[in-house]
Amino acid sequence: MSSTVAEMLVETLYQLGVRQIFGVVGDALNPFTDAIRRDRRIEWIGVRHEEGAALAAAGQAKLSGRLAVCCGTTGPGANHLVAGLYEARKDHAPVLAISGGVPASQRGIDYLQENTPDLLFRDVAVYTQTIVDAGQAVHVVHQAIAQAYYQRGVAHLCIPADIIGAKLPEVPLPATFNALRPRPEVAPDASDLMQAVQMINQASSVAIFVGQGARSAIDQIAVLADKLRAPILHTFRAKDMLPYDHPLWIGGVGLIGGAPGTDALQEAQLVLMLGTDYPYSEFLPTATPIIQIDERGFVLGRRTPVALGITGSVGPAVQQLLQQVHGNNDDSFLRKVNAHRHKWNDTLDQRAKQPVPALPGKPGKAIKPQYLARRLSDCAADDAVFVIDTGVVTLWCGNWLRQSGQQRLLASFNNAAVGTALGQANGIQALARQRQVIVAAGDGGFTMLLGEFMTAVEHRLPVKVVVFNNREWGLVHLEMEQAGMPAFAGAEFPNLDFAQFARACGAQGYEAKTVAQLDDVLPNWLATPGPAILNVWIDPDELPLMPHIKLEQIWHFGLAKVKEAMISMTGK
């Protein structure tokens, strides 16, 4: 029996494990959404904005490593997908984006909503193609998914309205669809590894710096680190791979990290960079020999010079290193780094403490964002997923959340886009409705795609949103002051009542302006069975803790504050 292109798509995606598709319905997609309705095995999750659909798919793909799918109809519907798809592109997650297209008979005459989607999607997608004949559909769909998996990125298909509902030729689905799966690990060259072993054996102290590419091998890396008595440092994206209190897990590097990790990279005799293309080269050593191991040969040495670059997966490489390195009985370097780490952690703990009110019955100072991040960390489920938005909230959560080792932390890691957390969280929550998913967002970022909270309400996705409400673009404000400029009025704004907004949407809303209120409502907010918002008024003047802040920067902050005071008095 013949099937249509739409029905073939549904069957293929189901066989590959897709269980939700995110999008906004529209005329060009009608045969596809109707095929989903009739099939009933895949859930259509209608979002309020196509960017939310792309973000939901990106969140799913980043968490699971499996293919996720989003849709937008002709013209503007597809255009709206693009911004959200950059999350998948920049964080190397397999996503299939399906867009509608105008009928082939109407192309080239400026038909309603006509554009050239293959040009539009060329930068964000590893593969983009318009299907112009039903006879090519099976093979093009196969190619798109293969590219998404093996290049770890976005594949885009434009399917015109007269094609998606068309009948396929009488041919079975090719068996090669069974081969579509995440890219397997690749063993590095044995001679490269032997050279690495010699360098490691000759070094008196080694620091191991890991990124997302080391996730599947983190347990083996911990064994290797113990054998070498080497501290393990991590990128922000890798923060959740081991518990915060693991004796070898020293901390992050750079602004979303700390001084112990940053210093350890500089002070070790040899650095192993495993599965990371860390972009902030100013924090990477230039005089210390580096061995970099990554599946992507093109990233080797592009951030800082390396003594040895090895192309291959981290897992097989670490297995071989474990068998061949001698080990190290001298733990003096590790003890030194750990002492620095404990001192740094004490500083973080002190900054997270809320000042006691000066007088009984007085509310005291505004809630410190560090205190809020730490309380979130302490109250969250052991396997919670934190989805952190971009902005100063990234610094609060990146430095003050204490992960359990079973929790996951997701963010806009390489795209660094504001307003992406809620959309990603909806996709993640749809994967496992019983798992606790917490969105940490600034007030500016949360209002960017506010409508996606209604997506959570409509589809009963119990996402918990905490708004770090500082009434301004916090990171922009910070950047202005760091440059010695007074904060411009455009960095500050009024807000709606987020708790009332949640209730207006049919969900639960909570608010905290004092520590006592926060401590009271936080457990209730987390225990709410459906989606809920917690609006927390934080101190907008609190500064994040930065490793090795320069004297020049301190001067600039002070100068900016003086200028702000003068503007306040004179109005100029």
Side-chain angles (χ1 to χ4, degrees), residues 90-92 151-152 183-218 220-225 227-228 230-239 241-242 248-254 256-257 261-325 328 333 337 413-414:
K90 297 290 285 184
D91 282 343
H92 317 296
Q151 293 198 57
R152 292 181 180 152
R183 193 171 74 194
E185 292 188 330
V186 179
D189 183 77
S191 62
D192 286 342
L193 284 176
M194 282 304 303
Q195 188 177 346
V197 168
Q198 293 171 4
M199 294 173 66
I200 293 169
N201 287 340
Q202 292 169 5
S204 61
S205 61
V206 176
I208 301 176
F209 184 33
V210 300
Q212 171 67 11
R215 184 172 295 275
S216 65
I218 190 59
Q220 293 173 305
I221 291 169
V223 175
L224 176 65
K227 187 174 183 178
L228 298 175
I232 310 176
L233 309 323
H234 59 76
T235 62
F236 176 39
R237 192 174 181 185
K239 173 181 168 70
M241 284 167 26
L242 284 175
L248 299 170
W249 199 239
I250 302 304
V253 172
I256 313 176
T262 303
D263 288 351
L265 284 183
Q266 305 294 335
E267 296 170 4
Q269 279 207 351
L270 179 70
V271 171
L272 286 179
M273 284 181 64
L274 303 179
T276 176
D277 182 36
Y278 186 71
Y280 302 106
S281 55
E282 63 269 27
F283 292 104
L284 296 176
T286 55
T288 306
I290 296 174
I291 300 172
Q292 185 178 7
I293 303 176
D294 202 292
E295 288 180 344
R296 303 159 296 170
F298 59 87
V299 310
L300 300 176
R302 75 174 175 182
R303 306 300 183 187
T304 191
V306 298
L308 177 62
I310 300 178
T311 301
S313 303
V314 172
V318 171
Q319 279 185 332
Q320 292 300 312
L321 293 177
L322 263 174
Q323 295 174 15
Q324 298 180 54
V325 297
N328 191 353
F333 179 62
V337 173
F413 293 109
N414 292 308

When you look at D189 and I310, which way does the side chain to side chain contact (heavy atoms under 4.5 Å, CB included) test go after all the steps? CA-CA 8 Å; D189 183 77; I310 300 178; over 6 Å; no
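- Note that CG of L270 is 9.0 Å distant from CG of L228, once rounded to the nearest 0.5 Å.
- To the nearest 0.5 Å, atoms CE (M273) and CG (D294) are separated by 8.5 Å.
- For the pair P188 and P316, the tightest heavy-atom approach, listed with the atom from each and the gap, is CD-CB, 4.1 Å.
- Ring planes of Y278 and F209: perpendicular class, angle over 60° (limits at 30 and 60°).
- For S204 against N328, the heavy-atom pair with the smallest separation is O-ND2, 3.0 Å.
- Between I290 and P305, the shortest heavy-atom contact is CD1-O, 3.9 Å.
- Atom CE in M194 sits 10.0 Å away from atom CD in Q320 (nearest 0.5 Å).
- Remark: side-chain polar atoms of Q292 are paired, donor with acceptor, to backbone N or O of G301 under 3.5 angstrom.
- A donor-acceptor pair under 3.5 Å links the side-chain atoms of S205 to the main chain of Q269, judged by distance alone.
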Run the numbers on I218 and L242 for side chain to side chain contact (heavy atoms under 4.5 Å, CB included), then give the verdict. CA-CA 8 Å; I218 190 59; L242 284 175; 3.8 Å; yes
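- Taking both residues in full, the closest heavy atoms of A196 and L308 are given as N-CD2, 3.6 Å, listed atom of the first, atom of the second, then distance.
- The CH2 atom of W249 lies 8.0 Å from the CD1 atom of I221; values are rounded to the nearest 0.5 Å.
- Proximity of a side-chain donor or acceptor of D192 to a complementary backbone N or O of G309 within less than 3.5 Å is not detected.
- The shortest heavy-atom contact between A207 and L233 is CB-CD2, 3.8 Å.
- Residues V253 and T235 are not in side-chain contact: their nearest non-hydrogen atoms beyond the backbone lie 4.5 Å or more apart.
- Among all heavy-atom pairs drawn from V314 and G275, the shortest one is CG2-N, 3.5 Å.
- A distance of 8.5 Å separates CD of Q151 from CZ of R183, quoted to the nearest 0.5 Å.
- D277 pairs in a salt bridge (charged side-chain N to carboxylate O under 4.0 Å, His left out) with only one of the listed residues (K90, R303, R237), which is R303.
- Checking side-chain atoms of K227 against main-chain N and O of V325 turns up a donor-acceptor pair under 3.5 Å.
- For the atom pair CG of L284 and OG1 of T262, the computed distance is 9.5 Å after rounding to the nearest 0.5 Å.
- The closest side-chain donor-acceptor pair between S313 and E295 falls under 3.5 angstrom.
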Going through the checks in order, is the side chain to side chain contact (heavy atoms under 4.5 Å, CB included) test met by I200 and I291? CA-CA 9 Å; I200 293 169; I291 300 172; 4.2 Å; yes
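- Remark: side-chain polar atoms of T304 are paired, donor with acceptor, to backbone N or O of P285 under 3.5 angstrom.
- Counting heavy atoms from C-beta outward, L265 and T288 have side chains that stay 4.5 Å or more apart.
- The closest side-chain heavy-atom distance from R302 to V299 is below 4.5 Å.
- For the pair D91 (side chain) and N414 (backbone), a donor-acceptor distance under 3.5 Å is present.
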